[in-house]
Amino acid sequence: MELKKIKDGVFWVGAVDWDRRLFDSLIPLPDGTSYNSFLIRGGEKTALIDTVDPSKSALLMAQLEGVDKIDYIISHHAEQDHSGAIPLVLEKYKNAKVLASAKGKEFLMDLLSIPAERITAVSDGETLDLGGKTIEFISTPWVHWPETISTYLREDKIIFTCDMFGSHLAASGLYVEDEAKVCDAAKRYYAEVMMPFRTTIRRHIERVEKYDIEIIAPSHGPLHKNVKRILSSHREWVSDKLTNTVVIPYATMHGSTELMVDYLTEALTRLGVNVEKFNLAVTDTGKLTMAVVDAATLVVASPTVLTGAHPSVISAIFLINALRPKLKFASVIGTYGWAGKMLEQVTSTISGLKVEMIEPVIVKGRPKGDDLVKLDRLASDIAKRHKENNIV
Ligand code: FEO
């Protein structure tokens, strides 16, 4: 099989997964994904950078059919989608050594039962000479696991960044063609996986920027030749900059909570505040997480089910709380029939967010005159806070 060449001696040997629609039983993949694996042939040694998800290992092995030796398998990240096929590759290449961070070694032993004697731990700044091809190991933990490393191929100016700068996007070509589409997919990926590690990633970006780079080769999605563009998008997402936007995830059972959401949306729009609302009965979780990457305010809207909030609301805000977006303000609106602890449940579920809570509006039954006045007040409070904080 002819390998896809990136540069002399550097080949893509990964797999495109056009049909995958869910990751971790949590993350929607509307556009599939790819597992990028790379073969680097030096004058003396050959290295494989990452493998593929076990479900696609046949594709990787087919590409390695004519490769008689692999000396090193570099594992950037022990998660299955990159390291899951390492045991198979080790079986074929009996002398191959796995190179990973010290933490990565531990994870590969724990998760994939790879024997310790076949793994060598590498450190930040260490290099590997393949003969005319020098690989530098760069420690880039917490994107999104603690063991992750990146590698820089000096002679070819390619940086392999694993999940960082990746996108879940199946494509036939190796490189980014539609920049806006890839940027959108990369933002989705950042939002769903990387957002809790915003400040760490900021430091990684500063470090990556110091390298002379022609190609950024992540482990998912197309490779970036427009290095500036993908770096600047990420720089913006990890920055402290907020947009004049309110995100409203909501559930509605008989229409009363939706009436409140619609009324608040109109009131905010009149005051010049953008609104992104998400009906959780139909919404794509990825779109919701993308919306909170840079929005200033979250308003959670829920009816009362039995004694508490709607389960779909709890599920969505549990995820938002875990992703730790840079939101600055939050509030709660919603309805109840006779009693319940919806408000308490919602506020405790988002207690990990570092936000200023704005007076909630909780209504008995359908919203009426006074309730609408309170929603107008909430809209004004939000608009005022955005202005005071120069969020425009
Ligand atoms: Fe693409 Fe964290 O695995």
Side-chain angles (χ1 to χ4, degrees), residues 12-38 48-57 59-60 73-89 98-101 103-108 110-112 114 138-151 159-171 174 176 182 185-198 200-201 204-205 208 216-224 230 234 237-238 285-286 289-290 319 322-324:
W12 180 91
V13 290
V16 178
D17 197 338
W18 296 89
D19 301 325
R20 189 158 181 179
R21 287 293 172 268
L22 201 59
F23 208 94
D24 295 345
S25 299
L26 173 69
I27 297 167
L29 305 183
D31 302 306
T33 190
S34 68
Y35 317 110
N36 298 334
S37 170
F38 305 94
L48 182 70
I49 294 195
D50 290 329
T51 63
V52 299
D53 190 84
S55 62
K56 295 288 171 192
S57 56
L59 281 175
L60 170 70
I73 304 164
I74 296 170
S75 167
H76 282 140
H77 174 28
E79 199 169 7
Q80 288 268 325
D81 51 330
H82 309 292
S83 292
I86 290 180
L88 260 184
V89 180
V98 179
L99 306 180
S101 66
K103 195 82 180 157
K105 175 172 179 171
E106 182 192 320
F107 285 5
L108 290 169
D110 285 348
L111 301 172
L112 295 165
I114 299 176
I138 308 165
S139 177
T140 47
W142 294 114
V143 287
H144 53 126
W145 280 19
E147 90 297 17
T148 308
I149 54 171
S150 298
T151 46
I159 191 160
F160 301 92
T161 54
C162 199
D163 282 337
M164 190 163 55
F165 310 122
S167 54
H168 282 310
L169 197 58
L174 268 186
V176 171
V182 176
K187 185 173 188 181
R188 174 187 277 268
Y189 193 40
Y190 166 81
E192 290 164 331
V193 175
M194 312 277 175
M195 192 154 49
F197 313 106
R198 189 167 72 88
T200 306
I201 295 172
H204 293 335
I205 292 172
V208 164
I216 292 183
S219 296
H220 294 293
L223 279 50
H224 305 277
I230 194 69
H234 278 75
W237 303 331
V238 300
T285 320
T289 59
M290 283 165 83
L319 180 63
L323 291 172
R324 290 189 268 148

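Counting starts at 1 for both ligands and their atoms, following the listed order.
- Atom 2 (Fe) of ligand 1 lies under 2.8 Å from an N, O or S atom belonging to His144.
- Note on His82: not counted as a metal contact of atom 2 (Fe) of ligand 1, no N/O/S atom lying under 2.8 Å.
- Here the N, O or S atom of Glu79 that is nearest to atom 2 (Fe) of ligand 1 is OE1.
- Under the side-chain contact (heavy atoms from CB on, under 4.5 Å) test applied with Ile138, the options Ile149, Thr151, Ile159 reduce to a single match, Ile159.
- The CD1 atom of Ile205 sits 11.5 Å away from the OG1 atom of Thr140 when rounded to the nearest 0.5 Å.
- Between His144 and His77, the angle of the ring planes goes over 60°, which puts this pair in the perpendicular group of the 30/60° scheme.
- Asp163 contributes atom OD2 as its closest N/O/S atom to atom 2 (Fe) of ligand 1.
- Looking at every heavy atom in both residues, Arg198 comes nearest to Trp237 through CD-O, 4.0 Å.
- Residues His224 and Phe165 keep their aromatic ring centres 6.0 Å or farther apart.
- Atom 1 (Fe) of ligand 1 has His220 among its coordinating residues (N/O/S atom, backbone or side chain, under 2.8 Å).
- The aromatic rings of Phe160 and Phe38 sit tilted relative to each other, their planes meeting at an angle between 30° and 60°.
- Of all N, O or S atoms in His77, the one lying closest to atom 2 (Fe) of ligand 1 is NE2.
- Note on Asp81: its N/O/S atom closest to atom 1 (Fe) of ligand 1 is OD2.
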